[in-house]
There are 2 protein chains.
Amino acid sequence: MPKHDASMSVVKRLPRYYRFLSDLKDNNIVRISSRELSDKMGLTASQIRQDLNCFGGFGQQGYGYNVAQLHNEIGMILGLSSKFKAIIIGAGNLGKAIATQMSFEKRGFSLIGIFDNKESVTGQMINGLPVRHVSGLEEFCSENRPDVAILCIPRDAAPKVAEQLVGLGIKGFWNFSHYDLGLKYKDIPVENVHLSDSLMTFCYKVKEASEK
Amino acid sequence: MPKHDASMSVVKRLPRYYRFLSDLKDNNIVRISSRELSDKMGLTASQIRQDLNCFGGFGQQGYGYNVAQLHNEIGMILGLSSKFKAIIIGAGNLGKAIATQMSFEKRGFSLIGIFDNKESVTGQMINGLPVRHVSGLEEFCSENRPDVAILCIPRDAAPKVAEQLVGLGIKGFWNFSHYDLGLKYKDIPVENVHLSDSLMTFCYKVKEASEK
DNA sequence: GCCAAATTGTCAATGTTTTAACAAAACTTT
DNA sequence: AAAGTTTTGTTAAAACATTGACAATTTGGC
């Protein structure tokens with residue numbers, strides 16, 4: 001039961017807390033204070049306490065936070081025990097990398113299908129799943145009811161595919177395409193990963209640093 | 001010549017402006033007002049004017065902005081005509097995807113080498129470059145002086161590799177490893193792409209939306 | 001069982017980012 | 001070339017996010 005509604009800035013920090021707590025747990029550390037955690041993470045202790053308090057009082061005065069419990073709580077807040085059914089659209093290098101390298105099961109998802117529009121790749125097995133041709137998308141969706149789609153397709157293909165998927169009942173997009181979803185579908189959750197944008201931002205940082 | 005120093009929030013929006021301006025240019029649109037652009041991008045016109053003004057007055061009252069000129073200016077600010085020499089460490093699925101799908105040349109970089117620690121993949125050609133064994137990293141660096149490294153390696157390998165690369169003169173990291181660089185190297189530019197974190201944030205959004 | 005040390009949850013203050021408002025400047029039409 | 005329209009650059013206000021401070025509470029040692 002959330003106390004206040006958490007802002008997106010807070011939510012975006014939760015995975016990082018989760019990651020650090022996993023690590024502490026692996027090292028058999030049982031308790032930690034906001035101060036110690038802040039040192040490890042490069043944040044202020046105040047921010048940590050404030051962030052966590054958006055969701056409830058997980059700590060105890062004079063003691064700190066129980067690592068395992070806090071780890072678990074944050075997992076619950078993020079919804080990592082969900083099993084949202086996901087499909088990947090686009091089995092190019094990126095789609096393949098996502099399919100093979102992400103631990104979907106630990107992050108609230110279950111990968112149930114991979115699609116591509118090129119005949120040449122359909123049938124290929126990736127991580128135990130066959131690449132299907134997009135022509136079978138409609139049938140697959142009505143049979144398997146996937147919740148979300150992961151778009152690893154070129155920019156030009158994105159609007160049309162997204163439109164189709166929304167029509168087939170897709171309720172969220174993890175979008176790697178070079179196209180801004182979320183402008184059109186305001187009520188559907190979209191998480192964009194614009195690698196090109198990230199690379200350009202990186203370029204700016206490198207340039208700035210080299211000028212000093 | 002920057003007027004004020006731009007904050008990171010502003011800089012992070014520049015690639016997106018750049019992207020939309022590219023598109024306008026492709027469609028032969030010559031001028032645009034902050035109002036029209038704000039409609040297209042889903043921002044306030046005020047924010048656009050404020051953002052652009054961090055770097056100088058590119059617009060003209062009563063007219064708006066010249067698309068081609070503004071596009072060019074933002075490219076300059078980002079430093080996209082730089083040719084920072086980049087190497088990729090890790091030729092797994094992700095490293096391969098990055099190597100083949102990113103337009104480095106258009107984003108201020110030039111990819112000059114790909115490395116992996118597995119003998120089995122060395123020698124393989126990716127996008128015209130041979131995968132080299134990491135044992136040759138030192139020699140390669142002293143010969144070719146790469147500026148930045150792109151880390152597509154597992155979490156555990158990251159700290160050590162980063163340390164070595166800093167020693168070899170690397171001046172920036174585009175980091176895909178599940179590890180927080182930038183805590184240790186405060187003066188070296190780091191751009192993190194934590195896909196797992198993004199997936200968890202996405203999970204939260206989907207969960208929230210499904211509860212309404 | 002009491003006292004000192006530790007540490008949270010929360011409130012207030014500070015800092016940052018976004019939005020709104022508008023005078024000044026340039027464009028367009030007549 | 002004058003009048004009206006558009007639209008910027010900029011200042012001020014509002015919203016949001018982070019940090020600091022401290023009372024309240026629990027721990028742990030003696």
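The analysis underlying the following values was restricted to heavy atoms, covering all of them including side chains, and did not include hydrogens, waters or symmetry mates.
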Exercise. Do any side-chain nitrogens or oxygens of Tyr65(A) fall under 4.0 Å of OP1 or OP2 in dA6(C)?
Worked result: no

For this session: Applying salt bridge (Lys or Arg N to Asp or Glu O under 4.0 Å), name anything that partners Lys83(B), two or more places apart in sequence or on another chain.
Result: Glu105(B)

Exercise. Does OP1 or OP2 of dT8(C) have a side-chain N or O of Arg49(A) closer than 4.0 Å?
Worked result: yes

Exercise. How about Val11(B) and Lys205(A): do any of their side-chain heavy atoms sit closer than 4.5 Å?
Worked result: no

Exercise. Quick one: does Ser9(A) reach the base of dA17(D) with a side-chain donor-acceptor pair under 3.5 Å?
Worked result: no

Problem set entry | Contact nearer the 5' end of DNA chain D, comparing Val10(A) with Tyr63(A) | Val10(A)

For this session: Please list residues of residues 22-38 of chain A whose heavy atoms come under 4.0 Å from any atom in DNA chain C, ordered by number; otherwise none.
Result: Arg31(A), Ser33(A), Ser34(A)

Problem set entry | Sugar-phosphate only, base, or nothing, as touched by Thr44(A) at under 4.0 Å among non-hydrogen atoms | sugar-phosphate

For this session: Kindly state whether the ring of Phe202(A) and the ring of Phe109(B) have centres lying under 6.0 angstrom apart.
Result: yes

For nucleotides 12-14 of chain D, which of its nitrogen or oxygen atoms have a protein nitrogen or oxygen under 3.5 Å away, and what is each distance?
none

Problem set entry | Spacing between Gln60(A) atom CD and dT26(D) atom P, to the nearest angstrom | 7 Å

Exercise. Got a donor-acceptor pair under 3.5 Å from the side chain of Gln61(A) to the base of dT8(C)?
Worked result: yes

